[in-house]
**Student:** 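This is the structure, below, for whatever I ask next.
Throughout, a chain's letter reflects where its sequence line sits, starting with A, and its residues are numbered from 1. What you see is a predicted model; the values in this text were computed from it and never measured.
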Protein chains: 2
Amino acid sequence: MKPLALPPLGRPDGMTTHDYAFNRLRQAIMVGAFRPGTSVTIRGLAEALESSPTPVREALRQLTSIGALQFLENRRIVVPHITPARFAELISLRIALESHAARRAVAHLSERQIEQIVAIDDSIETEIRKGDKVAALIANQAFHRMIYTANPDAVAMPLIESVWLQLGPILGIAMEHVTELYVVDRHREAIEALRRRDEEAAADAIAADIREGIGGFDQQAVARLLRLAA
Amino acid sequence: MKPLALPPLGRPDGMTTHDYAFNRLRQAIMVGAFRPGTSVTIRGLAEALESSPTPVREALRQLTSIGALQFLENRRIVVPHITPARFAELISLRIALESHAARRAVAHLSERQIEQIVAIDDSIETEIRKGDKVAALIANQAFHRMIYTANPDAVAMPLIESVWLQLGPILGIAMEHVTELYVVDRHREAIEALRRRDEEAAADAIAADIREGIGGFDQQAVARLLRLAA
DNA sequence: TTTCTAAAAATGTGATCACAAAAAGAGATT
DNA sequence: AATCTCTTTTTGTGATCACATTTTTAGAAA
């Protein structure tokens, strides 16, 4: 088994083997460490994570539940393929879900939280300037997550992360081919809307942000790549 | 362990023990067979399903991934509690997700499929007249599912089912207290919109349908119950 | 009766093993 | 060189067991 190309997360004490495996794999898929069609094996991952099949299989099963992996008929476990149509649906779903989540979060945001969001936005541009694509992607996700989870009952958040996971493998391809990182400017727009407590403007800004790019990558460029891969 | 109050699904040949456990439990939670706060044990369910801990634990882990169950800090496994605020968020999310899914499905619906939807809608009213709440609920879900899955890339469907699962336990309470079933009339409205291929009208009809009731139960009555339970 | 403490039971976790199915490989045949 | 067949290896599945933690129970003390 080839070593996993993952950021080496330390394993906190008290965390179960299963939780560790789940989070590690989830994070890897989320940031595009696995290409669509990649197949994984339970024993292989168990070895890579220095554990046994049982907790790894549980982690893989959970990942299938949220669309990050797929158990095929022949019992093979793969990272799902994405067609251009499916990609378009996922982006459309992101817009619906996240503009909704933003709208439902606005009323709960404190000044303090808004300042934290601004700080995260700054870190995104820092990472982009450094050219660290993965870090920029993670920071971008943190930006969105910070907004939506201001709502204490952010029931949409797990669903949004599910969509991010399904888009992850595409991002991996994008990172290999796209050199120019898209500098977000809709974020400032969103922040201004949050400051004004303007739900509709916030939802619109988030929608526009997603429509234009995914995590620093130009939307159209990614779509083009996808058509080539198909 | 008390016997499960589940519709006795036969286990198809070739289905794995894990799949059987997952589907059986999922269906049970979806139709309100478990009350919020109910705790389940791996060994208990394994015995009830005549299998062993391993596949059951996998099923439970998957169910937590989609919000149907919750692993607490002390490692207890429970059906999540729902606060009035959380309930409101879930309904709001249903509206956002399902009106979106309906909009994205309209273009794909064939005449034949629309007729099947009409047939399902008839069966809902039949079940309501018979007073079979669970059957009415299942038929109502089938009605919605049939619409959304007309889209060949219905990526929102798993997320929608996740929300249904999270609402399931509430429905169980509702079924115990609500005697009068709400007769849907927004379904006809939705069907007309589908026939006219009117995306906005379809989305609006679905949104109104959800706003007024969940699966045959009056929305306001359920919310009232929830406040009492809290 | 209430509260505290220790023993007992129950429960989640994870490693291991046997089994069956699938995939991969080796060799023969065309 | 391509295809078929049989063997070997790999892989997912599920039952079992040992272990640690948690919960429950029982009994003593206040």
**Student:** Any residue in residues 52-63 of chain B with a heavy atom nearer than 4.0 angstrom to DNA chain D? Just list them by number, or reply none.
**Tutor:** Ser52(B), Pro53(B), Thr54(B), Pro55(B)
**Student:** From CG of Leu49(B) over to P of dA15(D), roughly how many Å is that when rounded to an integer?
**Tutor:** 11 Å
**Student:** To the nearest 0.5 Å, what is the distance between CE (Met157(B)) and OH (Tyr148(B))?
**Tutor:** 7.5 Å
**Student:** Nearest-nucleotide wise, let me know which of Arg43(B) and Ser51(B) is further upstream toward the 5' end of DNA chain D.
**Tutor:** Ser51(B)
**Student:** Could you check whether any side-chain heavy atom of Leu171(A) comes within less than 4.5 Å of a side-chain heavy atom of Met30(A), counting everything from C-beta outward?
**Tutor:** no
**Student:** Between atom CD in Glu47(A) and atom P in dT10(D), what is the gap in whole Å?
**Tutor:** 11 Å
**Student:** Phe22(A) has an atom CZ; how far is it from atom P of dG14(C), in whole Å?
**Tutor:** 14 Å
**Student:** What is the bend of the helix from dT1(C)-dA30(D) to dT30(C)-dA1(D) when you compare the axis at one end with the axis at the other, using five pairs each and rounding to 10°?
**Tutor:** 10°
**Student:** Who pairs with Thr54(B) by side chain to side chain donor-acceptor pair (under 3.5 Å), at least two apart in sequence or on another chain?
**Tutor:** none
**Student:** Who passes side-chain contact (heavy atoms from CB on, under 4.5 Å) against Pro36(B), sequence neighbours left out?
**Tutor:** His81(B), Pro169(B), Ile173(B)
**Student:** Residues from residues 71-81 of chain A sitting under 4.0 Å of DNA chain D, heavy atoms only?
**Tutor:** Phe71(A), Arg75(A), Ile77(A)
**Student:** Scan residues 158-175 of chain A for pairs that pass salt bridge (Lys or Arg N to Asp or Glu O under 4.0 Å), counting only residues two or more places apart or in two chains.
**Tutor:** Arg26(A)-Glu161(A), Arg145(A)-Glu161(A)
**Student:** Is there side-chain contact between Glu89(B) and Leu93(B), with heavy atoms separated by less than 4.5 Å?
**Tutor:** no
**Student:** Less than 4.0 angstrom from a charged side-chain N to a carboxylate O is my criterion; do Glu58(B) and Arg61(B) meet it?
**Tutor:** no
**Student:** Compare all side-chain heavy atoms of Phe71(B) with those of Leu60(B) and state whether any distance is below 4.5 angstrom.
**Tutor:** yes
**Student:** Looking at side-chain heavy atoms only, is the closest gap between Leu72(B) and Ile77(B) below 4.5 Å?
**Tutor:** no
**Student:** Over how many whole Å does the gap from Ile42(B) atom CD1 to dA15(D) atom C1' extend?
**Tutor:** 14 Å
**Student:** Once you round it to whole Å, what is the distance between C1' of dG14(D) and OH of Tyr20(B)?
**Tutor:** 16 Å
**Student:** For the pair Arg112(B) and Glu115(B), evaluate salt bridge (Lys or Arg N to Asp or Glu O under 4.0 Å) and give the outcome as yes or no after the intermediate values.
**Tutor:** CA-CA 5 Å; Arg112(B) 182 188 182 73; Glu115(B) 289 320 303; over 6 Å; no
**Student:** Run the salt-bridge test on Glu127(A) and Lys133(A) with the 4.0 Å N-O cut-off and return the result as yes or no.
**Tutor:** no
